[in-house]
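The chains referred to below are lettered A, B, ... by the order of the sequence lines, with proteins before strands, and numbering in each begins at 1. These numbers come from the heavy atoms of this one structure, side chains and all, not from hydrogens, waters or symmetry mates.
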Amino acid sequence: MNYKIPRGTFDILPPQSAKWQYVKQSFHKVASNYGFEEISTPIFEMAELFERSSGESSDVVQKEMYRFQDQKGRSFALRPEGTAPVVRSYIENHLGMQAAHSRLYYMGPMFRYDRPQAGRYRQFYQYGVEFIGSNHPFYDAEVIALEMDFLSELGLKKARLEINSVGCSTCALDYDKALREYYKPHLSELCTDCKTRYELRPRRLLDCKVPSCKAFRTDAPSQFDYLDAPCREHFDQLCGYLELMQIEYTINPQIVRGLDYYTNTAFEIIYDDLGAQNSLAGGGRYNALIAQLGGKDTPAIGFAGGFERLLLALEKEGIEIAKPLKPDIYLVLMGEIAQTTGMEILRILRKRGLYAEYNPEKTSFKAQMKAADASGARYAILLGEDEIKENSLLIKDLSSGNQNKIAGKALAEYPF
RNA sequence: GUGGAUGUAGUUCAAUCGGCAGAGCACCGGAUUGUGGUUCCGGGCGUUGAGGGUUCGAGUCCCUUCAUCCACCCCA
C-alpha cells in the first residue's frame with residue numbers, strides 16, 4: 001500500500017538540496033571561466049546510439065542499459081552516459097560548421113541498471129564537458145585543468161589525477177594483438193571472465209582481480225610500448241602542459257576507460273577514501289567517435305564526473321558548502337491591528353530582498369519570541385499596541401538582545 | 001549477476017534465556033497573551049521493513065521477500 005522509491009534512486013531533500021545547488025552552481029561558474037557553454041539533451045535517445053558509441057561488448061550496453069519501446073515499437077534507452085548524446089547533437093545540429101571548436105558542458109541524470117552500493121546508483125547525476133574540434137594536446141590539458149579547478153574551487157584537497165594513453169585506433173589494435181599473443185599460452189589458466197575478456201577486450205585482462213590472473217600482469221606488454229610516434233608525442237606534450245599549469249599527475253598505464261570510444265589520452269580523478277567507488281571523474285580523448293556516429297572526422301576530448309561521489313568526498317573532508325536557510329527578520333505581532341500593519345511590513349521587507357517570516361499560529365507573545373529564536377533569524381521586529389499608537393517599530397537584534405525603536409516610515413531604509 | 005552484514009518511534013539506538021516494546025535527541029503544548037536562548041512540567045498503540053511458519057507466547061527462532069550497507073563486478 002505504501003509507495004516506495006525505486007531501488008537505486010534517491011530523493012534530494014533539504015538541507016541536502018542546498019548543497020546540490022551550490023555544487024552545480026560552482027560547476028556552471030568554472031565551466032564558464034573556460035569558455036564552455038551549456039548543452040541539454042534528452043534523457044532518452046535511440047538505443048542504437050549507445051550501442052554504437054559505447055560498444056556492443058561493453059557492460060553498459062550488455063547489461064546496464066534501461067531500454068524500452070515506445071507505442072510504435074521504436075527502441076529507446078535512458079541515457080547511461082553523456083558523451084554520445086552530445087556528439088549526436090553536435091552532428092545533427094551541424095555545430096562543426098559554425099565554429100572550429102565547440103566547448104560544451106552538461107549536467108543531469110544518467111541511468112544504469114547496476115547493483116546499488118555507496119556512491120553507485122541507478123539514477124545518478126553527472127556533470128561533464130566536451131571539447132570538440134581539435135587534437136591539440138593543449139586542450140587535453142585544458143579539460144583536465146577545468147575539472148581540477150572545479151574540485152579546488154569546492155575546497156577538495158585529496159583528489160588525485162592519473163593519466164594514461166590508450167593510443168589511437170591503430171596502436172590500440174597493435175596492442176590488443178600483442179596482449180593476445182602474450183596471454184594465449186596461459187588461456188587455460190585464466191578465470192572465465194578473463195576468457196571472455198581475451199576475445200572481446202584484451203586490455204581488460206590487465207585489471208582482473210583474481211590472483212591467478214593478476215600474476216600474469218607483471219610481464220604483460222605495456223601500452224606505452226605500442227604507442228606510435230604521434231601518439232607518444234601527443235602524450236608527452238600533454239604532460240608538458242600539465243606541468244606548465246602546475247597540475248600534479250601520476251601516470252598509470254592500467255587506466256582503461258570502460259567505453260569503447262576512447263583514444264589517446266585517458267584520465268581519472270581518484271579519491272581514495274570513498275571505498276570501492278573511488279573514481280570522482282573520468283574522461284579522455286575520443287577522436288574516432290564522431291566519424292563513427294556519422295559525422296565528419298573530428299577529434300574531441302571530454303570527461304564526466306559524478307555529483308554523488310563528489311558530495312561524499314566533500315563530506316569526508318568536512319567541507320561545509322551550504323548553510324541552512326534562516327530568516328533575516330522574524331515578525332512578532334500582537335493584536336489584530338498589528339497584523340494588518342505586519343502584512344505591509346512583510347511586503348516591504350521582501351521587496352528589499354530580505355527573507356522575512358511570520359507565524360500567525362503562535363498566539364502568545366512569548367511563543368512568537370520563542371519561534372523567532374528557534375528560526376535562527378538575525379532580527380525580530382516587534383509590533384504591538386504601543387508601537388501602533390506612536391507609529392513606530394521595535395527592531396531587536398536577537399544575538400545581542402539590543403533593541404532599537406524606529407519610526408514606521410524608516411523601515412524601508414533601515415540597515416539590516 | 002555473486003557473496004556477506006543489517007532492518008525497532010521523525011532520528012540515533014536499547015530491549016537479558018523466546019515472556020508487559022523503551023530511552024536520548026528532535027518535534028508539539030504549557031509554566032499570568034510585552035521579550036527568546038537555560039530550566040521545569042506535559043505529550044509516544046510503533047503494521048519492530050513486508051509475508052508466512054514454529055510456539056501457550058516471537059522484535060528475538062525458521063522460511064520467503066523487499067530495502068540499505070559492504071565486497072566482487074562495473075564505472076563517474
Side-chain angles (χ1 to χ4, degrees), chain A residues 1-2 4-10 13 54 58-65 80-83 107-129 147 159 191-194 196-197 201 204 207-211 255-259 262 266-271 274-284 302-313 330 332-336 338 361-377 379-388 394-403:
Chain A
M1 69 169 190
N2 286 330
K4 284 167 101 179
I5 195 166
R7 180 162 204 210
T9 66
F10 54 92
L13 306 169
S54 297
S58 67
D59 279 21
V60 167
V61 168
Q62 288 215 322
K63 45 191 189 194
E64 295 173 4
M65 216 155 66
E81 57 99 25
T83 297
M107 290 181 226
M110 306 292 163
F111 306 82
R112 289 184 202 173
Y113 186 89
D114 205 341
R115 184 105 171 230
Q117 199 175 320
R120 186 170 77 187
Y121 301 92
R122 289 181 175 178
Q123 174 171 342
F124 56 103
Y125 293 77
Q126 281 192 340
Y127 59 92
V129 310
E147 164 69 357
C191 69
T192 46
D193 280 347
C194 278
T196 322
R197 290 182 182 119
R201 314 205 54 207
R204 283 264 159 220
D207 52 10
C208 183
K209 304 292 189 300
V210 178
I255 293 181
V256 184
R257 306 272 73 229
L259 307 174
Y262 288 102
F267 67 95
E268 206 159 321
I269 312 289
I270 309 287
Y271 196 86
L274 291 184
Q277 311 302 323
N278 67 353
S279 174
L280 280 185
F303 76 85
F307 279 123
E308 294 84 4
R309 292 176 191 183
L310 180 56
L311 288 165
L312 279 175
Y330 204 101
V332 175
L333 307 175
M334 286 301 299
E336 276 178 40
E361 291 166 314
K362 308 283 183 191
T363 49
S364 78
F365 193 83
K366 191 172 224 167
Q368 290 196 52
M369 282 305 294
K370 249 186 176 169
D373 185 57
S375 75
Y379 297 97
I381 290 183
L382 315 190
L383 180 62
E385 284 171 25
D386 299 350
E387 287 76 19
I388 296 284
L394 264 184
I395 297 178
K396 179 168 183 137
D397 182 315
L398 284 169
S399 53
S400 69
N402 295 337
Q403 294 192 163

_Nearest-angstrom distance, C1' atom, rG18(B) to rG53(B)_ = 15 Å
*Whichever of Gly283(A) and Ala118(A) has its nearest RNA chain B nucleotide further upstream toward 5'*: Ala118(A)
*asked:* Does a side-chain N or O of Gln117(A) approach OP1 or OP2 of rA71(B) to a distance below 4.0 Å, or not?
replied: yes
_Rounded distance (Å) that lies between atom C1' of rA76(B) and atom CD of Glu64(A)_ = 12 Å
*Check: Arg309(A) side chain, Gly119(A) main-chain N or O, donor-acceptor pair, under 3.5 Å*: yes
_Residue pairs passing the salt bridge (Lys or Arg N to Asp or Glu O under 4.0 Å) test where at least one lies in residues 117-129 of chain A, sequence neighbours excluded_ = Asp114(A)-Arg120(A)
*Would you classify Gly384(A) as touching base, sugar-phosphate or nothing, given that sugar-phosphate means primed atoms plus P, OP1 and OP2, and contacts are heavy atoms under 4.0 Å?*
base
_So does Ile270(A) get a backbone contact from the side chain of Glu268(A), meaning a donor-acceptor N/O pair under 3.5 Å?_
no
_Let me spell it out: for each of Ser399(A) and Met334(A), pick the nucleotide of RNA chain B with the closest heavy atom. Which residue's pick is nearer the 5' end?_
Met334(A)
_Nearest whole Å is fine: how far is rG29(B) P from Met369(A) CE?_
16 Å
_Over all strands shown, is Gln368(A) touching base, sugar-phosphate only, or nothing at heavy-atom distances under 4.0 angstrom?_
nothing
*Between rU55(B) and rA67(B), how far apart are the C1' atoms? Round to whole Å, please.*
29 Å
*What nucleotide among rG34(B), rG37(B), rC75(B) has an atom nearest to a side-chain atom of Asp373(A)?*
rG37(B)
*Could you give the distance separating rC73(B) and rG1(B) at their C1' atoms, to the nearest angstrom?*
8 Å
_Could you tell me how far rU65(B) sits from rG46(B) if I compare only their P atoms? Round to whole Å._
30 Å
*How far does the C1' atom of rA31(B) sit from the matching atom of rG36(B), given to the nearest Å?*
15 Å
*Just to confirm, is there a sub-4.0 Å distance from OP1 or OP2 of rC73(B) to any side-chain nitrogen or oxygen of Lys63(A)?*
no
*Looking for any heavy atom pair under 4.0 Å, which part of the strands does Glu147(A) touch: base, sugar-phosphate only, or nothing?*
nothing
*When you measure from the side chain of Phe124(A), which nucleotide among rC72(B), rC28(B), rA76(B) comes out closest?*
rA76(B)
_Glu308(A) (side chain) donor-acceptor with Tyr125(A) (main chain) under 3.5 angstrom_ = yes
*In dot-bracket form, how is RNA chain B paired, counting a Watson-Crick or G-U wobble pair only if both its distances are under 3.5 Å and using | for bases paired to another strand?*
(((((((..((((.....[..)))).(((((.......))))).....(((((..]....))))))))))))....
*Taking the same atom, P, in rG4(B) and in rC45(B), what whole-Å distance lies between them?*
39 Å
*Between rU35(B), rU33(B), rG29(B), which nucleotide gets closest to the side-chain atoms of Gln403(A)?*
rU35(B)
*Asp397(A) CG to rG36(B) C1': how many Å, rounded?*
13 Å
*Counting any heavy atom closer than 4.0 Å, what does Ile269(A) reach on the DNA or RNA strands: base, sugar-phosphate only, or nothing?*
nothing
*For Glu385(A), which contact category applies under a 4.0 Å heavy-atom criterion: base, sugar-phosphate, or nothing?*
base
*Scan Gly82(A) against the nucleic acid and name what it touches under 4.0 Å (heavy atoms): base, sugar-phosphate only, or nothing.*
nothing
*Rounded to whole angstroms, how far apart are CD on Glu308(A) and C1' on rC74(B)?*
15 Å
*Using a 4.0 Å heavy-atom cut-off across all strands, classify Gly335(A) as base, sugar-phosphate, or nothing.*
nothing
*Gap between atoms CD1 and P, on Ile388(A) and rG34(B) respectively (whole Å)*: 15 Å
*For the side chain of Leu398(A), counting heavy atoms from C-beta on, which of rG34(B), rA76(B), rG36(B) is nearest?*
rG36(B)
*Quick one: does Gln277(A)'s side chain have a donor or acceptor within less than 3.5 Å of a partner on Ala118(A)'s backbone?*
no
*Between rG36(B), rU35(B), rA67(B), which nucleotide gets closest to the side-chain atoms of Leu382(A)?*
rU35(B)
*What is the distance from CD of Gln123(A) to P of rA76(B), rounded to the nearest Å?*
17 Å
*Roughly how far apart, to the nearest Å, are rA58(B) and rU54(B) at atom P?*
11 Å
*Using a cut-off of 4.0 Å on non-hydrogen atoms, how would the nucleic acid contact of Ala372(A) be classed: base, sugar-phosphate, or nothing?*
nothing
*Should we count CD of Gln403(A) as having more than 12 external heavy atoms under 6.0 Å?*
yes
*Looking only at side-chain atoms of Lys396(A), point me to the closest of rC74(B), rU35(B), rC28(B).*
rU35(B)
*Roughly how far apart are Ser375(A) OG and Lys370(A) NZ, rounded to 0.5 Å?*
14.0 Å
*Distance (rounded to the nearest 0.5 Å) between Leu280(A) CG and Glu147(A) CD*: 7.5 Å
List, with names and distances, any nitrogen or oxygen atoms from the protein found under 3.5 Å away from nitrogen or oxygen atoms belonging to nucleotides 1-3 of chain B.
residue : atom : partner   : partner atom : Å
rU2(B)  : O4   : Arg115(A) : NH1          : 2.6
rG3(B)  : O6   : Arg115(A) : NH2          : 3.1

_C1' spacing across the pair rG59(B) / rU8(B), given as an integer number of angstrom_ = 7 Å
*Measure the spacing between CD of Gln126(A) and CE of Met107(A) and express it to the nearest 0.5 Å.*
12.5 Å
*asked:* Please report the interatomic distance CG(Asp59(A)) to OH(Tyr113(A)), rounded to the nearest 0.5 Å.
replied: 14.5 Å
*Reckon Gly128(A) touches a base, only the sugar-phosphate, or nothing at all at heavy-atom distances under 4.0 Å?*
nothing
_Backbone N/O of Gly384(A) and side chain of Glu387(A): donor-acceptor pair under 3.5 Å_ = yes
*Kindly assign one of parallel, tilted or perpendicular to the pair Phe307(A) and Tyr127(A), based on the angle between their ring planes and the thresholds 30° and 60°.*
tilted
